[in-house]
Amino acid sequence: MSQTAALRLTRFCVRRLSQSCWTRAVSTPSTPPLTIREQEDGIRRIILNNPKKRNALSLAMLSSLREDILTDIDDKDLRVIIISARGSVFSSGHDLKELTSAHGRDYHASVFQACSEVMTLIQDVPVPVIAMVKGIATAAGCQLVASCDIAVASERSTFATPGVNVGLFCSTPGVAIGRAVPRKVAMEMLFTGRPITAQEALLHGLVSKVVSEEHLEEETMSIARRVCESSRPVVALGKAAFQRQMAQGRDAAYATATAVMVDNLALRDGQEGIRAFIEKRRPVWTNSNEKAHD
């Protein structure tokens with residue numbers, strides 16, 4: 001797939017999400033926002049901000065998270081997104097009060113559709129998304145961690161899919177978790193609901209790094225700043241290609257990756273990086289999709 005086709009696919013995914021039915025969360029002086037968005041030096045921070053409800057991924061929370069991800073997503077000054085949370089729980093997953101019979105089947109479907117769309121959006125947007133996890137991440141909260149491109153966790157964090165224990169098997173979290181950890185590890189998590197430690201999560205590939213709580217922010221910001229040193233279109237092209245080839249067989253994956261590397265070399269930033277290496281200097285990125293050649 002060419003670079004142009006890949007960019008069209010990303011825009012289609014974002015447009016599809018924008019056309020879905022969502023409930024917008026409106027904050028008032030007495031009700032703080034469910035998420036907080038901050039941005040500086042190319043790093044956008046999105047903070048889940050409902051610790052009293054264990055940062056549950058209610059429909060309103062999902063809507064707010066989606067909006068914070070999509071806002072100015074094509075701005076070349078945006079280079080990376082960090083998702084974190086206030087309180088001792090990163091996220092407890094869905095708000096079970098929204099899943100009672102009183103709400104009905106259609107509402108239940110809208111909750112799971114909204115959640116699935118946010119999780120796929122994280123993987124479809126053109127910038128890396130990092131989860132900064134402090135505390136407990138369960139069910140859809142664990143799904144959120146698994147869906148992010150990179151995850152840094154504090155050493156006391158735990159991860160679980162305990163839905164089976166309350167009569168609701170974590171089928172949608174299993175999609176993301178089953179693609180992040182070995183199958184038998186995922187199945188044990190799903191069948192037993194037993195939490196795993198941060199070190200176990202690291203061992204099985206659910207998180208990228210485990211650090212002490214006092215170094216969590218420092219390590220996460222260090223990774224984010226390193227991402228900011230690279231060309232945004234090069235990173236975007238690479239992220240899209242990685243996600244695409246992971247769903248393909250070996251030969252198709254190599255064909256995809258080969259075509260993408262050729263497209264990458266055609267970018268002005270691709271050629272600038274090579275020239276800078278040869279000339280032993282730091283590259284000066286355009287952070288645009290300008291072509292160096294056809």
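Side-chain atoms are counted along with the backbone in the values below, which use heavy atoms only and exclude waters and symmetry mates.
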**Q** Report yes or no: do Ile82 and Met61 belong to one cluster of Ile/Leu/Val/Met/Phe/Trp/Tyr joined by side chain heavy-atom distances under 4.5 Å?
**A** no
**Q** Quick one: CD on Glu117 to CD on Gln113, what's the gap to the nearest 0.5 Å?
**A** 4.5 Å
**Q** Of all heavy-atom pairs between Cys170 and Gly163, which one has the smallest distance, and what is that distance?
**A** SG-N, 3.4 Å
**Q** Go through it in stages, so that I can follow the logic: the residues are Glu290 and Ser288, the test is side-chain hydrogen bond (donor to acceptor under 3.5 Å, both in side chains), and I'd like the CA-CA distance, side-chain angles, deciding distance and then a yes or no.
**A** CA-CA 5 Å; Glu290 293 180 48; Ser288 73; 3.1 Å; yes
**Q** Tell me whether the count of non-hydrogen atoms from other residues, nucleotides or ligands lying under 6.0 Å of OH in Tyr254 goes above 12.
**A** no
**Q** Kindly indicate whether the side chain of Leu96, heavy atoms from C-beta on, has any atom under 4.5 Å from the side chain of Leu99.
**A** yes
**Q** Kindly check if the number of other-residue, nucleotide or ligand heavy atoms within 6.0 Å of CZ (Arg281) is above 12?
**A** yes
**Q** Working note: Gln243 + Asp149, criterion side chain to side chain contact (heavy atoms under 4.5 Å, CB included); need CA distance, chi angles, decisive distance, verdict.
**A** CA-CA 10 Å; Gln243 294 290 354; Asp149 301 307; 3.6 Å; yes
**Q** Under 3.5 Å, is there a donor-acceptor pair between the side chain of Arg44 and the main chain of Ile69?
**A** yes
**Q** Strictly distance-based, threshold 3.5 Å: is any side-chain N or O of Asn49 a donor or acceptor partner for the main-chain N or O of Pro33?
**A** yes
**Q** Atom CZ of residue position Arg45 - does it have more than 12 heavy atoms of other residues, nucleotides or ligands inside 6.0 Å?
**A** yes
**Q** Tell me whether the count of non-hydrogen atoms from other residues, nucleotides or ligands lying under 6.0 Å of CZ in Arg37 goes above 12.
**A** yes
**Q** Evaluate the side chain to side chain contact (heavy atoms under 4.5 Å, CB included) criterion for residues Phe159 and Val207: first the C-alpha distance (whole Å), next the side-chain angles of each, then the deciding distance (0.1 Å), finally the verdict.
**A** CA-CA 10 Å; Phe159 305 84; Val207 302; 3.7 Å; yes
**Q** Which pair of non-hydrogen atoms, one from Leu216 and one from Ser154, has the smallest distance, and what is that distance?
**A** CD1-N, 3.9 Å
**Q** Measure the CD1-CG distance between Ile47 and Leu34 for me, rounded to the nearest 0.5 Å.
**A** 13.5 Å
**Q** Quick check against the 3.5 Å criterion: does Arg54 have a side-chain atom that pairs as donor or acceptor with the backbone of Gly87?
**A** no
**Q** Taking CD in Gln248 as the centre, count heavy atoms belonging to other residues, nucleotides or ligands within less than 6.0 Å. Is the count above 12?
**A** yes
**Q** Could you give me the CA-CA distance, side-chain angles and deciding distance for Ile136 and Ser157, then say whether side chain to side chain contact (heavy atoms under 4.5 Å, CB included) is met?
**A** CA-CA 6 Å; Ile136 301 166; Ser157 295; over 6 Å; no
**Q** Spell out, yes or no, whether Val181 and Phe242 are grouped together once hydrophobic residues are joined by side-chain heavy atoms under 4.5 Å, including indirect joins.
**A** no
**Q** Please answer whether the main-chain N or O of Thr100 pairs with a side-chain N or O of His108 as donor and acceptor at a distance below 3.5 Å.
**A** yes
**Q** Can you tell me if Arg275 has over 12 outside heavy atoms packed within less than 6.0 Å of its CZ?
**A** yes
**Q** Take a 6.0 Å sphere around CZ of Phe169 and say whether it holds more than 12 heavy atoms from other residues, nucleotides or ligands.
**A** yes
**Q** Could you tell me the separation between the CG atom of Leu59 and the CD atom of Glu98, rounded to the nearest 0.5 Å?
**A** 6.0 Å
**Q** Which atom names give the shortest non-hydrogen contact between Ser147 and Ile122, and what distance separates them?
**A** O-CG2, 3.5 Å
**Q** Should Val127 and Leu121 be regarded as members of a common hydrophobic cluster, given that ILVMFWY residues are connected when their side-chain heavy atoms come within less than 4.5 Å of each other, either directly or indirectly?
**A** yes
**Q** Backbone N or O of Leu78 within a donor-acceptor pair of the Arg232 side chain at under 3.5 Å?
**A** yes
**Q** Which atoms form the tightest heavy-atom contact between Ser208 and Leu202, and what is the distance?
**A** O-CD1, 3.3 Å
**Q** Main chain of Pro233, side chain of Lys76: is a donor-acceptor contact present, judged purely on distance under 3.5 Å?
**A** no
**Q** Can you tell me if Glu214 has over 12 outside heavy atoms packed within less than 6.0 Å of its CD?
**A** yes
**Q** Minimum heavy-atom separation for Cys115 to Gln143, with atom names?
**A** SG-OE1, 3.8 Å
**Q** Flag the pair Arg225 / Met221 as yes when at least one side-chain heavy-atom distance between them is below 4.5 Å, and no otherwise.
**A** yes
**Q** Throw together a table of side-chain donor-acceptor distances under 3.5 angstrom for residues 187-195, partners on residues two or more places apart or in other chains.
**A**
{"from": "Thr192", "atom 1": "OG1", "to": "Glu188", "atom 2": "O", "distance (Å)": "2.6"}
{"from": "Thr192", "atom 1": "OG1", "to": "Arg194", "atom 2": "N", "distance (Å)": "3.1"}

**Q** When you measure from the side chain of Asn55 to the backbone N and O of Asn50, does any donor-acceptor pair fall under 3.5 Å?
**A** yes
**Q** Rounded to the nearest 0.5 Å, how far does SG of Cys228 lie from CG of Asp41?
**A** 7.5 Å
**Q** Any donor and acceptor pair, going by atom type alone, linking the side chain of Ser63 with main-chain N or O of Ala60 inside 3.5 Å?
**A** no
**Q** Could you check if a side-chain atom of Pro182 sits within less than 4.5 angstrom of a side-chain atom of His204, using non-hydrogen atoms only?
**A** yes
**Q** Quick one: do Leu203 and Leu206 end up in the same hydrophobic cluster if we chain Ile, Leu, Val, Met, Phe, Trp and Tyr together by side-chain heavy atoms under 4.5 Å apart?
**A** no
**Q** Give, for atom CG of Leu62 and atom CG of Asp95, the distance between the pair rounded to the nearest 0.5 Å.
**A** 10.5 Å
**Q** Test side chain to side chain contact (heavy atoms under 4.5 Å, CB included) on Leu168 and His94; report intermediate values, then the result.
**A** CA-CA 11 Å; Leu168 181 64; His94 289 294; over 6 Å; no
**Q** Rounded at 0.5 Å granularity, tell me how far SG in Cys148 sits from CE in Met119.
**A** 8.5 Å
**Q** With a 4.5 Å cut-off on side-chain heavy atoms, are Val175 and Arg179 touching?
**A** yes
**Q** Under 3.5 Å, side chain of Glu38 to main-chain N/O of Ile46, donor-acceptor pair present?
**A** no
**Q** Mind listing the closest non-hydrogen atom pair of Glu219 and Val211 along with its distance?
**A** CG-CG1, 4.0 Å
**Q** Report yes if some heavy atom in the side chain of Val129 is under 4.5 Å from a heavy atom in the side chain of Lys239; otherwise report no.
**A** yes
**Q** Just wondering, do Val234 and Trp285 contact through their side chains at under 4.5 Å, heavy atoms?
**A** no
**Q** So if you build clusters from Ile, Leu, Val, Met, Phe, Trp, Tyr with side-chain heavy-atom gaps below 4.5 Å, do Val89 and Leu57 land together?
**A** no
**Q** Examine distances only and state if a side-chain atom of Thr138 and a backbone atom of Ser92 form a donor-acceptor pair shorter than 3.5 Å.
**A** yes
**Q** Output yes when Lys134 and Glu217 qualify as a salt bridge under the 4.0 Å nitrogen-oxygen rule, no when they do not.
**A** no
**Q** With sequence neighbours left out, what residues match His215 under ring pair (Phe, Tyr, Trp, His ring centres under 6.0 Å)?
**A** none
